[in-house]
Structure formats: C-alpha cells, structure tokens
Enquirer: 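Here you go, one structure.
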Amino acid sequence: MTLQDFLIKTLVDAIIVLAGAYLLSGVHVDGFGYAILVALALAILNQFVKPLLIIFTIPATILTLGLFLLVINAVIIIMADWIVSGFQVDSFWWAVLFSLVLTLFKSLFNELYKDRSETERRDY
C-alpha cells in the first residue's frame with residue numbers, strides 16, 4: 001500500500017466515522033480532526049490487537065459460527081473510545097451497531113476504489 005493509498009483510506013475512514021456518528025445517536029465525534037484520530041486508532045488496533053483477540057477467542061468464534069467476531073469488533077471500537085478523547089460510544093450495543101455501519105460503508109468504498117484502480121491499470 002502506497003502512502004497515497006493510506007492517506008486516501010484514512011480520510012475516507014474518517015468520513016465514514018463521521019457518517020456513522022451522524023446515523024447513530026449513541027456514537028459521538030467532536031469533529032473531523034477527531035474522526036481522523038479515530039480512523040488512525042482503529043487502523044492501529046485492527047493491525048495489532050485484533051489478530052491477538054481473534055487467536056485467543058478461536059473456540060468462542062467456532063462455537064458461535066463466527067458471530068463472536070462482532071464482539072471483537074465492538075471491543076476494538078470501545079478501545080478506540082478509550083484512546084481518543086473526542087470520540088464516545090455510549091454502550092457495547094452501540095459499538096456493535098457502529099462496527100456494522102463501518103463495515104458496510106468501508107466495503108462499499110473498497111468495491112468502488114477497487115473498480116477504479118482496475119480501470120486505471122487497464123488504460124495503460
């Protein structure tokens with residue numbers, strides 16, 4: 001991933017964080033700067049903490065047919081709430097809903113971005 005791709009992804013994630021906070025009354029972000037910090041915190045937590053949580057909870061994930069991953073995502077969001085002062089999630093269930101909103105919007109963006117980058121590669 002290039003620096004340009006990372007910056008674009010971070011800015012889009014910040015916009016998605018703001019959209020999620022706008023859609024869900026239990027999630028609060030104090031502004032775009034804090035949304036960028038939340039996006040960075042989530043990126044770091046997803047890179048380093050989430051794999052460890054997945055490994056430690058493999059039995060629970062298998063028993064719940066993967067639904068326990070929603071709990072892990074909510075825990076990551078709650079950890080971001082602890083890290084970023086201008087970001088607040090009111091409860092565990094709001095964190096679950098917020099993770100679903102983030103996942104939905106990020107997957108839509110990734111599809112659009114993937115299509116655009118494939119088109120650009122074909123033009124050469």
Side-chain angles (χ1 to χ4, degrees):
M1 174 184 286
T2 65
L3 179 60
Q4 179 183 3
D5 288 338
F6 176 76
L7 292 174
I8 290 171
K9 185 180 178 315
T10 302
L11 289 175
V12 169
D13 287 352
I15 292 168
I16 293 171
V17 165
L18 283 176
Y22 177 77
L23 293 172
L24 301 172
S25 62
V27 179
H28 314 281
V29 180
D30 289 343
F32 189 70
Y34 285 108
I36 290 174
L37 292 176
V38 170
L40 291 171
L42 288 174
I44 292 168
L45 291 168
N46 282 329
Q47 187 70 35
F48 297 108
V49 176
K50 188 174 181 178
L52 295 173
L53 290 176
I54 289 172
I55 289 170
F56 290 137
T57 60
I58 285 174
T61 303
I62 291 171
L63 285 174
T64 61
L65 302 175
L67 289 176
F68 195 75
L69 293 173
L70 291 172
V71 172
I72 292 173
N73 287 338
V75 167
I76 294 293
I77 289 170
I78 290 169
M79 290 173 82
D81 176 10
W82 291 337
I83 294 170
V84 180
S85 63
F87 175 62
Q88 180 185 354
V89 181
D90 290 344
S91 70
F92 171 80
W93 295 110
W94 284 115
V96 170
L97 284 173
F98 187 65
S99 75
L100 291 172
V101 168
L102 287 180
T103 302
L104 175 70
F105 284 125
K106 286 172 89 168
S107 64
L108 289 172
F109 171 75
N110 286 335
E111 279 299 313
L112 293 173
Y113 190 71
K114 182 177 73 172
D115 290 343
R116 186 184 73 102
S117 63
E118 286 176 1
T119 304
E120 287 176 357
R121 275 191 237 123
R122 278 188 252 134
D123 290 342
Y124 290 111

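In this chain, residues are counted from 1 in sequence order. Values below: all heavy atoms of this structure, side chains included; hydrogens, waters and symmetry mates excluded.
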Enquirer: Which residues pass the side chain to side chain contact (heavy atoms under 4.5 Å, CB included) test with L45, sequence neighbours left out?
Expert: V49, I76, M79, A80, I83
Enquirer: How long is the straight-line distance from CH2 of W82 back to CD1 of I77, given to the nearest 0.5 Å?
Expert: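 Those atoms lie 13.0 Å apart.
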Enquirer: Hey, what do you get for CD1 (I78) to OG (S99), rounding to the nearest 0.5 Å?
Expert: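 If I round to the nearest 0.5 Å, the distance is 10.0 Å.
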Enquirer: Which pair of heavy atoms, one from V89 and one from A95, lies closest together, and at what distance?
Expert: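 Looking at all heavy atoms of both residues, the closest pair is CG1-N, 3.5 Å.
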Enquirer: Return the set of residues passing ring pair (Phe, Tyr, Trp, His ring centres under 6.0 Å) with F105 (not counting sequence neighbours), or none when no residue passes.
Expert: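 None.
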Enquirer: Just to verify, what does T2 make a side-chain hydrogen bond (donor to acceptor under 3.5 Å, both in side chains) with, not counting sequence neighbours?
Expert: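 For T2 the side-chain hydrogen bond (donor to acceptor under 3.5 Å, both in side chains) partners, ignoring immediate neighbours, are D5.
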Enquirer: In the hydrophobic clustering (ILVMFWY, side-chain contacts below 4.5 Å, transitive), which residues join F56, or is it alone?
Expert: L52
Enquirer: Kindly compute the distance separating CD1 (I16) from CG (L11), expressed to the nearest 0.5 Å.
Expert: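 If I round to the nearest 0.5 Å, the distance is 11.0 Å.
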Enquirer: Quick test of your reading: applying side chain to side chain donor-acceptor pair (under 3.5 Å), list the pairs with at least one residue in residues 50-62, sequence neighbours left out, ordered by first then second residue.
Expert: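 Only K50-N73 qualify under side chain to side chain donor-acceptor pair (under 3.5 Å).
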Enquirer: Do L37 and F87 have side chains that approach each other closer than 4.5 Å (heavy atoms only, starting at C-beta)?
Expert: no
Enquirer: In Å and rounded to the nearest 0.5 Å, what is the CD1 to CG distance from I54 to L69?
Expert: 5.5 Å
Enquirer: So, for V29 and A35, which heavy atoms are closest and what is the spacing to 0.1 Å?
Expert: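 Minimum heavy-atom contact is CG1-N, 3.7 Å.
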Enquirer: How long is the straight-line distance from CZ of F109 back to CD1 of I15, given to the nearest 0.5 Å?
Expert: 9.0 Å
Enquirer: List the residues meeting ring pair (Phe, Tyr, Trp, His ring centres under 6.0 Å) with Y22, not counting sequence neighbours, and say none if there are none.
Expert: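 Y22 satisfies ring pair (Phe, Tyr, Trp, His ring centres under 6.0 Å) with no residue once adjacent residues are dropped.
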Enquirer: The criterion is side-chain hydrogen bond (donor to acceptor under 3.5 Å, both in side chains); which residues satisfy it with D13, sequence neighbours excluded?
Expert: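 With neighbours one apart ignored, the set is K9.
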Enquirer: Output all residues satisfying side-chain hydrogen bond (donor to acceptor under 3.5 Å, both in side chains) with D90, sequence neighbours left out; order by chain, then residue number.
Expert: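 D90 satisfies side-chain hydrogen bond (donor to acceptor under 3.5 Å, both in side chains) with H28, Q88 once adjacent residues are dropped.
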Enquirer: Using side-chain heavy atoms (C-beta onward) and a distance below 4.5 Å, is L70 in contact with L100?
Expert: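 Touching, per the 4.5 Å side-chain cut-off.
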Enquirer: Is there a continuous path of hydrophobic side-chain contacts, each under 4.5 Å between heavy atoms, that joins F68 to L63?
Expert: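 No, separate clusters.
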Enquirer: Quick one: which residue pairs count as a salt bridge (charged side-chain N to carboxylate O under 4.0 Å, His left out) with a foot in residues 59-76, not counting sequence neighbours?
Expert: none
Enquirer: Which ILVMFWY residues can you reach from I58 by hopping between side chains whose heavy atoms are under 4.5 Å apart?
Expert: I62
Enquirer: Over all heavy atoms of both residues, which pair between F98 and A21 is shortest? Give the atoms and the distance, please.
Expert: CE1-N, 4.0 Å
Enquirer: Suppose clustering is done on Ile, Leu, Val, Met, Phe, Trp and Tyr with side-chain heavy atoms closer than 4.5 Å. Which residues sit in the same group as F48?
Expert: I44
Enquirer: Under the rule for side chain to side chain contact (heavy atoms under 4.5 Å, CB included), what residues qualify as partners of T103, not counting sequence neighbours?
Expert: none
Enquirer: Would you call L97 and W93 a side-chain contact if the rule is heavy atoms closer than 4.5 Å?
Expert: no
Enquirer: For residues F32 and A14, report the shortest heavy-atom separation together with the two atoms involved.
Expert: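 In this case the closest contact between F32 and A14 is CE1-CB, 3.8 Å.
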Enquirer: For V38, run the side chain to side chain contact (heavy atoms under 4.5 Å, CB included) check against V17, V27, L102 and tell me which one passes.
Expert: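 Of V17, V27, L102, side chain to side chain contact (heavy atoms under 4.5 Å, CB included) with V38 is met by V17 alone.
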